[in-house]
Each structure stands twice: as C-alpha cells, then as structure tokens.
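Structure, as structure tokens:
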Amino acid sequence: MSRTGPPPSTGRRHTFRSVAPVLALCWLAVFFDGMDVNVYGAVMPHMLDDPGLGLTPGAAGAIGSWTTFGMLIGALGTGTLTDWLGRRPVLVASVLVFSAGSAVCALAAAPGPFGAGRFFAGLGLGGLMPLCLSMVMEFAPPRRAALATGLLMTSYHAGGMFATGLGLTLAPSLGWRWVFWAGVLPAVVAAPLLLRLLPESPGVLLAKDRTAEAEAVADRYGMARPAPADAPAQGAKGRLAAVLALFRPGVRLATPLLWLASFCGLLLVYGVSTWLPQMMRASGYGLTSSVSFLLIINAGGIAGMLIAGRIADRYGPVRVSALWFLLTAAGALLLGARLPLAVTYVVVAATGVWLFSAQVMVYAAANRVYPAAERATGLGWVTGIGRTGAVAGPWLGGNLAATANDQLGFTAFALAGLLGALAIGSVPLARRLGRRPATDSLPETAGAEP
C-alpha cells in the first residue's frame with residue numbers, strides 16, 4: 001500500500017512487531033499450502049508401489065499437472081475476486097477448499113478420483129498464495145517488504161518439511177492415505193483462526209466506503225492510513241480496469257516478463273517438489289535417501305528465504321532473483337551427476353537455498369512494479385500465469401520418467417533457471433522502454449526500480 005496517507009493517530013510505530021499477528025496468521029496458512037503441495041512428491045514412490053491404486057509414472061505426472069491447473073484457475077480468479085469480496089473471507093474459503101480436496105484424495109480408490117481431489121485442492125491452493133502475499137506486502141513495514149515476503153515463504157518450506165516427515169514416518173507404516181488425511185487439518189486449525197483474528201485489508205475497506213474501519217485497522221497495526229489511491233476499483237468495470245492497468249505505460253513490457261519469470265520459477269518449484277525423490281531414486285539412490293532429499297531441499301529453502309529477503313531489501317529483488325535463478329541452474333546440473341552421498345546432500349541443500357527464493361523474489365519485484373490499488377490483481381496474474389509452469393513441471397517430469405529418461409529432468413530444470421534469470425533480469429530495462437517520458441506519472445511505490 002502507498003505510504004503517503006496521514007500518519008496513524010495512535011502514534012504506534014510501524015514495525016515487524018506491530019504487524020506480527022497478521023504475518024503469523026498468513027505464515028500459518030502458507031504452512032499448510034506447503035504441506036499440501038509437497039505431500040504428493042513425498043508419498044509418490046509409495047503410491048507407485050501400491051498395486052491397488054494402479055498409478056503409473058505417466059498418470060502421476062498428469063495428476064501433478066491437474067493440481068497445478070486447478071491452482072492456475074484459483075490464482076487468476078482470486079486476485080480479482082478478493083478486491084470485491086475482501087481478503088479474509090476468500091482466504092478462509094481457499095483453506096476450506098483445499099482441505100476438502102485432500103480428504104477426497106485420502107478416500108480415492110483409483111487414479112481418476114485421486115486426480116479430481118488434487119484438482120479441487122489446487123483451486124484452494126491457487127487462491128491462497130496471492131492472497132497471503134498481498135496481505136503481507138500491504139501490512140509489512142515500507143522498506144522491509146522483500147524480507148517480509150521471504151519470512152512468509154519460510155512457512156511454505158516448513159510445511160514441505162512437515163509433509164516429507166509424514167511421508168517418511170506415516171506412509172511406510174500406515175500407508176500413504178494417512179498422509180493425505182493430515183491435509184484436512186487446515187480446515188480445523190487454520191480456518192477458525194483466520195476467520196476470528198485476521199484483519200481485513202484497509203485498502204479494501206476504504207474501497208467499500210468503510211473509511212472508519214479502514215483507519216481503525218491501520219491505526220491498530222501502526223500503518224499509514226490508506227489514501228484513495230490505495231483502494232482497488234470496485235464493480236465489474238473496476239475489475240476490468242485493474243486487469244488493463246497491468247499493461248499501462250511503465251509496466252506494459254514488464255508484466256509479460258514477470259509472467260515468464262514466474263512460469264520458470266514455478267516450473268522449477270513444482271517440478272522439483274513432485275519429482276526429486278523419484279529422479280534421485282532413478283539415479284541410484286535408495287528410497288529413504290531419495291525422499292530425504294526433499295526434506296533437505298526444503299530446509300535449504302527456509303535459509304534461502306531469509307538470506308534472499310535481507311539482500312533484496314538492500315540491493316533489489318530483481319538482482320537477487322536473477323542471480324538465484326542462475327545458481328539454481330548450476331545446482332540442477334550438479335544434481336544430475338552421480339556424486340558421493342554426503343556431497344549430494346550439500347548440493348541439494350544449496351540448490352534449495354537458491355531455487356525457491358528465486359521465485360519468491362519475482363513476487364517481491366512485482367510488489368515494486370505495481371502500486372497498491374493494482375497489487376492484488378498484479379500478484380494474482382503473476383502467480384496465475386506462472387501456474388502454467390507449475391502445470392508443465394510435473395507433466396514434464398512424468399513424461400521423462402515414463403520413458404526412463406529421468407535424468408534429463410535435471411537438464412530441463414537447468415534451462416528453466418537460465419530462462420528465468422533472463423526474464424527477471426530484463427524487467428528494469430522493460431520498465432524504462434515501456435514508459436512514456438512525457439506523461440508517465442506512476443505513484444512513488446510503483447515508480448521505484450525493482
């Protein structure tokens with residue numbers, strides 16, 4: 001949100017501590033997102049070994065794509081819907097939807113119903129991420145948006161580690177279905193807390209002419225009170241205008257580059273999360289070690305979020321994202337080599353540091369490209385279009401596995417890293433080329449270089 005509004009009447013400072021309740025609630029929601037996304041990769045080897053399910057590598061890859069196709073629909077719809085209905089009710093609905101999808105997966109007796117459950121879960125998951133990102137970016141202290149984004153996304157990897165732990169403990173003894181039953185927990189734990197404790201966006205409240213409530217929320221958390229420019233446009237024309245604004249002068253060339261970078265980043269995130277254990281198993285590592293690599297890469301992801309967020313607040317998220325994409329490409333190539341087990345663990349952890357935060361810094365860059373009134377829509381489309389990469393990653397891994405070419409996946413992921421670096425690294429140039437020197441009058445937040 002723009003920081004140009006009048007100061008809060010309470011005099012409370014706008015710090016991480018003042019907005020900690022909002023960050024904590026969004027952290028919890030994304031934790032369950034990370035758990036649900038990673039659980040499929042964590043139990044896939046057990047599912048492929050289950051003769052009663054009848055799952056083949058090709059079908060497994062297709063189902064992974066169904067999940068992310070659901071996410072694509074959820075992300076594109078939610079970014080616009082939330083400006084109309086509000087952040088909190090749509091976020092709670094997203095949590096309930098993907099919990100219900102996990103329950104369907106736990107009950108499925110064949111690949112078809114299981115895939116339907118994953119698609120349904122994807123609808124909820126797709127809406128959840130842009131909502132939490134826009135909330136955190138709105139409530140975060142002005143100069144700490146990238147760090148706040150990184151802190152939020154540590155929860156994704158904490159959830160991924162939790163899912164891997166479930167895969168290592170529950171799946172061998174009780175079966176893979178019990179791991180999906182754990183995905184119902186968000187409906188019981190997160191949804192009531194979000195409904196009761198999460199505040200509504202001051203910008204959305206102001207757009208609904210609930211000015212007193214908007215100012216009260218801003219004062220409570222030490223934020224600048226929202227100005228009219230922070231409020232998303234309302235009504236059907238407003239929704240269309242918000243989408244068209246993504247192609248106005250100053251951002252019209254940057255928008256497709258952000259989409260391409262998000263595509264590459266999510267191809268890497270979902271391709272690796274879904275297929276890393278199976279790819280490492282095909283490279284000659286044991287089943288336990290192969291699943292453990294998913295735990296290690298998520299641990300690296302947590303460290304990477306904290307490192308990238310702090311560096312990006314100083315040097316800009318574009319530079320960090322581009323460098324991280326290049327390092328991810330190098331890590332993917334190294335993983336394709338048959339290294340000693342101890343060295344492989346180090347390479348997996350280092351790749352996790354770079355891989356996941358490369359994508360998250362794309363979101364942080366979008367936060368600097370789009371002003372407050374366009375942020376939810378902009379992030380929704382960056383994540384939504386990027387979900388096509390999330391569809392392509394599991395599909396690509398499944399096809400390579402079905403043709404016994406698992407190791408080519410490492411080369412494909414390296415190429416995605418190179419393309420992602422080129423796309424995000426070109427955003428500042430695209431902004432300069434797309435701007436009309438004589439008429440460009442972007443708000444200060446949007447005018448800053450990423």
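Values below: every heavy atom of this structure, side chains too, minus hydrogens, waters and symmetry copies.
No side-chain heavy atom of Leu194 sits under 4.5 Å from any side-chain heavy atom of Leu28. Looking only at side-chain heavy atoms (C-beta outward), Arg432 and Pro428 come within less than 4.5 Å of each other. Counting heavy atoms from C-beta outward, His46 and Val179 have side chains that stay 4.5 Å or more apart. Proximity of Ile385 to Ser262: side-chain heavy atoms (C-beta onward) are nowhere separated by under 4.5 Å. Considering only heavy atoms from C-beta on, Arg87 comes within 4.5 Å of Glu138 through its side chain. Looking only at side-chain heavy atoms (C-beta outward), Val90 and Leu131 come within less than 4.5 Å of each other. Looking only at side-chain heavy atoms (C-beta outward), Phe356 and Met153 stay at 4.5 Å or farther from each other. Looking only at side-chain heavy atoms (C-beta outward), Gln359 and Leu268 stay at 4.5 Å or farther from each other.
Between Phe139 and Pro202 the shortest heavy-atom distance is CZ-CD, 3.7 Å. Here the closest non-hydrogen pair linking Phe325 and Gly417 is CB-O, 3.3 Å. What you find for Phe119 and Trp66 is that their closest heavy atoms are CD1-O, 3.4 Å. Closest approach of Cys26 and Val136 over heavy atoms only: CB-CG2, 3.9 Å. Considering all non-hydrogen atoms of both residues, Val360 and Met305 come closest at CG2-CE, 3.3 Å. In plain terms, the two heavy atoms of Ala332 and Ala414 that are nearest each other are CB-N, 3.9 Å.
If you take CG on Asn298 and OG1 on Thr154, they are separated by 11.5 Å, rounding to the nearest 0.5 Å. Here the straight-line distance linking atom CE of Met44 with atom CD1 of Ile63 works out to 8.5 Å at 0.5 Å rounding. Taking CG of Leu147 as the reference point, atom CZ of Arg314 lies at 14.0 Å (rounded to 0.5 Å). Distance CD1/Ile424 to CH2/Trp324: 14.0 Å, rounded to 0.5 Å. Summarising the geometry, atom CZ belonging to Phe120 is positioned 12.0 Å from atom CZ belonging to Phe98; distances are rounded to the nearest 0.5 Å. Between the CG atom of Leu198 and the CG atom of Leu193 there is a distance of 10.5 Å, given to the nearest 0.5 Å.
Within the 3.5 Å criterion, the main-chain N or O of Pro317 finds no donor-acceptor partner in the side chain of Ser321. Without hydrogens or angle criteria, Thr255 side chain to Arg252 main chain gives no donor-acceptor distance under 3.5 Å. In this structure a side-chain-to-backbone donor-acceptor pair under 3.5 Å is present from Tyr40 to Ala60. Arg319 contributes a side-chain N or O that, together with a main-chain N or O of Tyr315, makes up a donor-acceptor pair within less than 3.5 Å. Looking at Ser102, its side chain never comes within 3.5 Å of a backbone N or O of Ser99 through a donor-acceptor pair. Ser357 places a side-chain N or O within donor-acceptor distance of the main-chain N or O of Val353, the cut-off being under 3.5 Å.
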**Prompt:** What's the verdict on side chain to side chain contact (heavy atoms under 4.5 Å, CB included) for Leu253 and Arg431, showing C-alpha distance, side-chain angles and the deciding distance?
**Reply:** CA-CA 6 Å; Leu253 298 180; Arg431 295 200 68 198; over 6 Å; no

**Message:** Pair Val318, Arg368 - check side chain to side chain contact (heavy atoms under 4.5 Å, CB included), show working.
**Reply:** CA-CA 10 Å; Val318 162; Arg368 296 196 180 189; over 6 Å; no

**Request:** Using the side chain to side chain contact (heavy atoms under 4.5 Å, CB included) rule, take Trp176 and Leu53 through it: C-alpha gap first, then chi angles, then the decisive distance, then the call.
**Result:** CA-CA 11 Å; Trp176 58 268; Leu53 183 64; 3.8 Å; yes

**Request:** Report the C-alpha distance between Phe114 and Phe180 in whole Å, list the side-chain angles of each, state the deciding distance to 0.1 Å, and finish with yes or no for ring pair (Phe, Tyr, Trp, His ring centres under 6.0 Å).
**Result:** CA-CA 11 Å; Phe114 180 85; Phe180 282 100; 5.2 Å; yes

**Asked** Where do Leu429 and Leu433 land on the side chain to side chain contact (heavy atoms under 4.5 Å, CB included) test, with the steps shown first?
**Response** CA-CA 6 Å; Leu429 176 61; Leu433 293 176; 4.0 Å; yes

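Heavy atoms of other residues, nucleotides or ligands lying less than 6.0 angstrom from CZ of Phe69 number 12 at most. In this structure, Arg310 places its CZ atom where only 12 or fewer heavy-atom neighbours from other residues, nucleotides or ligands lie under 6.0 Å away.
With hydrogens and angles left out, the side-chain atoms of Trp259 and Thr388 include no donor and acceptor closer than 3.5 Å. The closest side-chain donor-acceptor pair between Trp354 and Thr328, if any, does not fall under 3.5 angstrom.
Taking Thr351 as the reference, nothing meets the side chain to side chain donor-acceptor pair (under 3.5 Å) condition, with sequence neighbours excluded.
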